[in-house]
Q: 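Could you have a look at this structure, given as C-alpha cells, before my questions?
Everything numeric in this text was worked out from a predicted model, so none of it was measured. When reading the values below, keep in mind they use all heavy atoms of this one structure, side chains included, and skip hydrogens, waters and symmetry mates. Chain naming here is simple, since letters A, B, ... match the order of the sequence lines and numbering starts at 1 in each.
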Amino acid sequence: MASQLLRRLIGSRSTTRFLSGAANPCPSLLSSSSSPAARVFSSTSTPITATLFPGDGIGPEIAESVKQIFREAEVPIQWEEHYVGEQIDPRTQSFLTWESLESVRRNKVGLKGPMATPIGKGHRSLNLTLRKELNLYANVRPCYSLPGYKTRYDDVDLVTIRENTEGEYSGLEHQVVRGVVESLKIITRQASLRVAEYAFHYAQAHGRKRVSAIHKANIMQKTDGLFLKCCREVAEKYPDIVYEEVVIDNCCMMLVKNPTLFDVLVMPNLYGDIISDLCAGLIGGLGLTPSCNIGEGGIALAEAVHGSAPDIAGKNLANPTALLLSAVTMLRHLELHDKADRIQDAILKTIAEGKYRTADLGGKSTTTDFTQAIIDHL
Amino acid sequence: MARKSVSVLRHLLTKPLTPAFAAQTRSVTYMPRPGDGAPRAVTLIPGDGIGPLVTNAVEQVMEAMHAPVYFEKFEVTGDMPRVPEEVMESIRKNKVCLKGGLATPMGGGVSSLNMQLRRDLDLYASLVNCFNMRGLQTKHDNVDIVVIRENTEGEYSGLEHEVIPGVVESLKVITKFCSERIAKYAFEYAYLNNRKKVTAVHKANIMKLADGLFLESCREVAENYSGIAYNEIIVDNCCMQLVSKPEQFDVMVTPNLYGNLVANTAAGIAGGTGVMPGGNVGADHAIFEQGASAGNVGNQNMLNQKKANPVALLLSSAMMLRHLQFPSFSDRLENAVERVILEGKFRTKDLGGHSTTQEVVDAVIAALD
C-alpha cells in the first residue's frame, strides 16, 4: 500500500516535471542505472499494469507469445487486456471503447498488436482515435540490423522520430473548383518544439551522439523553416549532441548508400512516414521493426506496425518479432533495462542462430516453436 | 587450298582484337532529311559549384565527336533573383538547354531558379533514368527504373503563409489538368520506349482528395494503353520495396514531392547521383541536366580537387543528342561512357575511385569509336 502510494507520488511528480512527454521519469530525480523509481516500479510486490491490445488477425497469437516470454523472464508487468469492440462507442466515435482509452491513460504504458480498420463510415479509424485521444505526438522507430538475418545492409543502427499529429496529414483538403484540389500542410511551433525536445531527450537518454533534422526548407521555406528553427532552439540546450540538418532528397540518397551516416533522425509527419518505412525496408521489413508512440503526460504505446495478416491468422505461423521488439522498447521506457536487454539478446540470438525461424524469415518454425526457442535462450 | 587457309588464318590473327565489350557496328538505319546535319544551337548554363566543371566535360566530348551541336553559354548563378531575360530568350529560340547545376539557397527570400525555369518554360515532366551500369557494383541488381515526376505543382507550389505567429500553413495544389498531362507523358514514354509497366506513386489513403485526383487521372489515361500494365503503390511502401526489391519497378509516375524522394532513392540504389541522367521536358522546350542531384551542387572540396563525376551529365547530353535526332552520336557517347565505367580504371570518388573529372573525360574521349 505504502509502495503503491510512493509509486503514484513519484509518477505524478515526474509527469509534472518534464516538458511534454519526456520518455523517462525525471532524470534529475533519479540516478541513471539503478534508479530508485525503477526499483519501485519493478518491485515484485507491485507489478506495473500495462494495457494490452492484442488486435486482430495474428494479433492474439503474437500477444500470447509476448505474455509467455515476459512471464518466463519474470518481468513485473501485469497485463490489462482490451479488445476492439463490435460496436461503435459513441463516446469515442470508434470501435475502441472509452474504457480501453482510460486504461491506457491510467497505466501510461501499453502494447498494441495489429488492428484491421473496419471498413465503413461514421467512425474514426482506430489508429486515428488512439492518436487523437491519447495525444500521441511522436512515433519512435529504432531500426537496427538483426545479426543473422541477412539483408543488403548489415550495419544499420538508427532511430527515426516522426512528428505524428500535424504536417501534411492534417486531413484538411477541399476542392476549390472542379479539377483543382488543395491540401493544407500545417506546422506549428508547439508541435515542432515538442517533438524536437523528445528527440534530443531520447538521444541523451540512450547515449546517441547525433540528431539530424530532415527537411525541405529550401523549397518550403516557411513551414519546414519553422520546424528547423524549433530544432535549432532545442539543440542549443544539448551541447553534447551533434546537430545537423539534411535535405530530404539528400537524406534518402545517403540512407540507401550508407545508412551508418545517420544516428537519430527527427522529422515532420510526411517525411517521417516515408523515411521510417524506408529504414524498415533496410533492415528486413515491417515484420521485424519495433515502434513506439509517445504521448502527452508520459504515455508510451508500443505497437507492431505490420498488418494483421488475416490469411495466416490462427495457424501458428506468425512472426512475433515486431511485437516482441516493441515490447522491449516499452520496457526500456519503463527503465527496466536489464530485463529489456535479456529479452532482446534472447531474440537476437534465436534469429542469429537460424534454427528456429518463421516462414517470413525463410524458415519453417511455428510461432510456438520460435517463442520456446527464445525462452530457452533467456 | 592450304595456302588460302594460311592467308585467311593470318588475316584473322592480325585483325585487331576488339574489346570484351564490343559495340556491334551495324549500318545505321536512320534516314535523315536533307539538312538535318546542320549544327544545332543549344543553350548552355554551367551554373555554380561543380556545374562549370561537368559542362566543360560535355563540351570537350562534343568537340571530340564533332557532334553537330554548338553551345551558347550563359553565366547564371543560384543567388540571382531571376534568370536573366537573355538566357530565357536563348532557350526559347533554341528549344533545348543543357544545365550544370544551380544551387538553391536556404532560408527565406529567394525562390529557386530551377523552379523558376521549370515554371516559365512549363517543363512539366522531370525524368530520371536509374539503372545499374555494367561494371559498377551496387547492393541492388536488375535496377532499371524511370521516374517521371510532375514538375510544376503539388507540394512545391511555394504558397505558404503564417496564420498566426508560430503556426504556418503550406498549400499543396493538385489539378486535373497537370495530373492528366503528366500521366499522358508517362504512358507515352513507356509506349515509345517499349516499357511494360507504369506504377503510380501516391498517398491517397491519407490525402484522399489531392492524391485521389492524381490517381483518377492516371487511371483514365491507363485505359487508353491496354498494352501497358498499370498499378498503384503507396509512397511509404514504395520506398520500402525500392530498397528490398527494386526489380519490380519499371516506369513510375508521381506527383512533385514523392517524385523527388523516389528519384533520389532509386538513384542511390543504382549507383548514386553521379551517374544518373535525366532532364525536364515540356511541350516546347527541354532542359537536360544531371538526373537526381540530391539537392546539392557538390561541396567545395570536390570543386577544389576537380573530382566531380561527369558521367551523369554526359549521359544526359547523350539523351539530348537523341532528342535533337542525332542518334548515332548519342550511341557513340553512351557506348564510350559504358566502356569507361566497365573498365573501372577511371572512376571518380563517388564510384569508389580516385580520378579527377579530366581523367574521366580523357578516358571517354579515348573510348569513342
Q: Just checking heavy atoms, which of residues 162-169 of chain A are less than 4.5 Å from chain B?
A: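 Result: A/Glu168, A/Tyr169.
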Q: Can you find a heavy atom in the side chain of A/Asp277 that is under 4.5 Å from one in the side chain of B/Asn237?
A: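 No. Closest side-chain heavy atoms not under 4.5 Å.
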Q: Taking all atoms of both residues into account, what is the closest heavy-atom pair of A/Lys257 and B/Gly268, and its distance?
A: CG-O, 3.6 Å
Q: With chain A, which of B/Glu162, B/His161, B/Lys208 has the greatest number of heavy-atom pairs at distances under 4.5 Å?
A: B/Lys208
Q: Can you tell which part of A/Leu278 gets under 4.5 Å to a heavy atom of chain B, answering side chain, backbone, both or neither?
A: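 Backbone plus side chain of A/Leu278, per the 4.5 Å heavy-atom cut-off to chain B.
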Q: Measuring only between side-chain heavy atoms, which start at C-beta, is A/Lys185 closer than 4.5 Å to B/Lys172?
A: no
Q: Would you give me the side-chain donor-acceptor pairs under 3.5 Å for residues 139-146 of chain B, sequence neighbours excluded?
A:
residue	atom	partner	partner atom	Å
B/His140	ND1	A/Arg152	NH1	3.2
B/His140	NE2	A/Tyr153	OH	3.0
B/Asp144	OD1	B/Arg195	NH2	3.2

Q: Could B/Lys203 and A/Asp273 be called an ion pair, given the rule that one side-chain N must be under 4.0 Å from one carboxylate O?
A: yes
Q: With a 4.5 Å cut-off on side-chain heavy atoms, are B/Val173 and A/Val180 touching?
A: yes
Q: Calculate, to the nearest 0.5 Å, the distance between atoms CD1 and OG belonging to A/Ile283 and B/Ser244 respectively.
A: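 Spacing of CD1 (A/Ile283) from OG (B/Ser244) equals 11.5 Å.
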Q: Closest heavy-atom contact between A/Ile274 and B/Asp236?
A: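 It is CA-CB, 4.2 Å.
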Q: Can a donor-acceptor pair be found, under 3.5 Å and without considering hydrogens, that links the side chain of B/Glu169 to the backbone of A/Leu184?
A: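 Answer holds: no.
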Q: CD of B/Gln137: more than 12 outside heavy atoms within 6.0 angstrom?
A: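 Not more than 12 within 6.0 Å, no.
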Q: Look only at the side chain of A/Gln175 and the backbone of B/Leu209, and say whether a donor-acceptor pair between them is shorter than 3.5 Å.
A: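 A pair under 3.5 Å: no.
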Q: Please flag which part of A/Leu286 lies under 4.5 Å from any non-hydrogen atom of chain B: side chain, backbone, both or neither.
A: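 Both parts, backbone and side chain.
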Q: Nearest heavy-atom pair of A/Thr223 and B/Val168: which atoms, and what distance?
A: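 For A/Thr223 versus B/Val168, the nearest heavy atoms are CG2-CG1, 3.6 Å.
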Q: Return the minimal non-hydrogen interatomic distance between B/Val243 and A/Gly281, and the atom names on each side.
A: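 Distance-wise, the nearest heavy atoms are CG2-C, 3.5 Å.
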